[in-house]
Structures are given as structure tokens and as C-alpha cells.
Amino acid sequence: MKETLYLAENEEETKNLGLQFAEHLKPGFVIGLIGDLGAGKTTFAKAVAEGLGIEDTVTSPTFTIIKEYYDGRLPFYHFDVYRLKSTEEIINLGCEEYFYGEGVTVIEWADKILDLLPEDAIIVEFKSTDNKDERLIMIKGIKL
Ligand SMILES: Nc1ncnc2c1ncn2[C@@H]1O[C@H](COP(=O)(O)OP(=O)(O)O)[C@@H](O)[C@H]1O
Ligand SMILES: [Mg+2]
């Protein structure tokens, strides 16, 4: 599996990585984001949306679990599964229709539903460091 580790020294660098990442996306790609609260998952997801050319305002789908955007180069499905109580709940929301559809799915807190992700899902893991604005970002499954 291809794994690449990046050091984002500030929020801007995380955004730039998301923008660059978006250029590689194709229909049906599923991207699982893993990292603690404040690690940068939403920041990255928003940059991916921007990179896909989405101009609608992308906000964290914490309460709705899924938000869909159709004004970019590819359909963009933004999941936040933090509040899920069971995997059944996300199955009932039709997650497989999204994962195996023509759009790109980005899932925050993907570690909660790892077993449901397609085998070829890309994983992006965010870790904070001792430096407030620094993040270690590991991308597994695709080489930028
Ligand atoms: N290098 C960095 N990358 C991403 N966010 C950063 C970075 N440095 C500081 N931050 C801050 O950390 C927070 C990340 O929030 P957010 O993206 O919502 O995290 P999450 O969705 O993982 O909970 C934001 O307030 C952002 O300004
Ligand atoms: Mg978030």
C-alpha cells in the first residue's frame, strides 16, 4: 500500500494538501479521514471540495451526518459519522449508494465505520504535534 507522510506546518498547508489531493480524485473514490477533534478533518474536507470546484458553502455535517454537493467536477458527499450510534444507522442512510456511486465520498471519523469502507478506500490520518499549528498527515492508498 502506498503511504506518504506530510508535515503541514499551518492550516494553509493542510488546505493546500487538500486542494492538491482533489486533483487526483475520480468517480467512486472513498476517502476516510481519521483524527481527533480539531485535528483538521473538516479543514481538509473543505479544501477537497474547493479543489473539486464546489462553490456552495461546505459546512460540517455533524448533525445531518451526510451532505451532498453537486456543483463541482464530481458529486461530493461529505459524511461526519461522529454521532452515529450504530453501523446499522449509516447502512440505513444508504451509505453504499454513495460509496459505490459516481461521486467522491469524504468521511470524517471514518475509524468508526472502517469495516463498511470499500477495500480500496483512501485513508487520511491527522495527528497533532507539540506545535499548535502543526499536523502530521498520513495518506494511505494513493500517491499524490
Ligand atoms: N495545520 C493545521 N491544519 C488544520 N487545521 C489547523 C492547523 N493548525 C491549526 N489548525 C486549526 O485546527 C482546527 C481544525 O479544525 P477542524 O478542521 O474542524 O478539525 P476536525 O474536523 O478534525 O475536528 C481549526 O480551528 C484550524 O484553524
Ligand atoms: Mg470536523
Side-chain angles (χ1 to χ4, degrees), residues 1-25 28-101 103-118 120-144:
M1 166 110 66
K2 298 163 194 160
E3 282 191 11
T4 317
L5 182 63
Y6 297 89
L7 177 67
E9 293 192 348
N10 50 53
E11 186 174 354
E12 207 52 38
E13 289 190 5
T14 299
K15 287 182 184 169
N16 285 337
L17 188 63
L19 287 173
Q20 195 197 336
F21 182 80
E23 290 176 21
H24 296 259
L25 296 176
F29 275 32
V30 175
I31 302 102
L33 308 186
I34 298 178
D36 294 338
L37 197 68
K41 301 180 297 299
T42 301
T43 303
F44 185 84
K46 285 185 178 188
V48 170
E50 186 185 338
L52 288 173
I54 290 162
E55 291 184 353
D56 290 346
T57 309
V58 175
T59 53
S60 189
T62 311
F63 294 96
T64 53
I65 300 186
I66 304 173
K67 282 191 184 166
E68 307 171 25
Y69 301 86
Y70 292 98
D71 64 322
R73 175 170 75 78
L74 294 166
F76 178 67
Y77 312 128
H78 187 188
F79 284 48
D80 183 331
V81 300
Y82 183 69
R83 290 173 166 272
L84 274 195
K85 291 188 187 69
S86 68
T87 48
E88 248 167 60
E89 207 180 319
I90 193 82
I91 292 168
N92 291 339
L93 286 170
C95 65
E96 305 219 318
E97 306 265 347
Y98 294 96
F99 297 171
Y100 299 98
V104 164
T105 307
V106 170
I107 307 156
E108 298 194 37
W109 299 100
D111 43 321
K112 291 193 75 172
I113 60 161
L114 272 191
D115 291 347
L116 290 179
L117 299 187
D120 57 357
I122 298 163
I123 299 292
V124 185
E125 213 169 327
F126 301 80
K127 289 208 172 103
S128 298
T129 72
D130 291 342
N131 184 331
K132 182 173 79 67
D133 290 330
E134 209 172 66
R135 301 289 187 273
L136 282 165
I137 304 174
M138 169 78 86
I139 301 185
K140 302 177 198 169
I142 190 173
K143 180 106 186 74
L144 303 196

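Read the numbers this way: they start at 1 and go in the same order the structure lists the ligands and their atoms.
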(message) side-chain contact (heavy atoms from CB on, under 4.5 Å), that's the test. Do Ile31 and Leu33 meet it? Break it down for me.
(response) CA-CA 6 Å; Ile31 302 102; Leu33 308 186; 3.8 Å; yes

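- At a threshold of 2.8 Å, the Mg ion (ligand 2) has a backbone or side-chain N, O or S atom of Thr42 nearer than that distance.
- Protein residues with any heavy atom under 4.0 Å from ligand 1: Ala8, Asn10, Glu11, Thr14, Asp36, Leu37, Gly38, Ala39, Gly40, Lys41, Thr42, Thr43, Glu108, Asp133, Arg135.
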(request) Assess whether side-chain contact (heavy atoms from CB on, under 4.5 Å) is satisfied between Ile139 and Leu144, documenting all intermediate values. (result) CA-CA 9 Å; Ile139 301 185; Leu144 303 196; 4.1 Å; yes

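- Under the rule for a ring-ring contact (aromatic ring centres under 6.0 Å, His included), the partners of Tyr98 that lie at least two apart in sequence or sit in another chain are Tyr77, Phe79.
- If you look at Glu108 and ask which of its N, O or S atoms sits nearest the Mg ion (ligand 2), the answer is OE1.
- Under a cut-off of 6.0 angstrom, the local environment of OH in Tyr6 is crowded, with over 12 non-hydrogen atoms contributed by other residues, nucleotides or ligands.
- Using cut-offs of 30° and 60° on the angle between ring planes, the pair Trp109 and Tyr82 is tilted.
- In this structure, Lys112 places its NZ atom where more than 12 heavy-atom neighbours from other residues, nucleotides or ligands lie under 6.0 Å away.
- With values rounded to the nearest 0.5 angstrom, Glu12 atom CD is found 12.5 Å from Leu17 atom CG.
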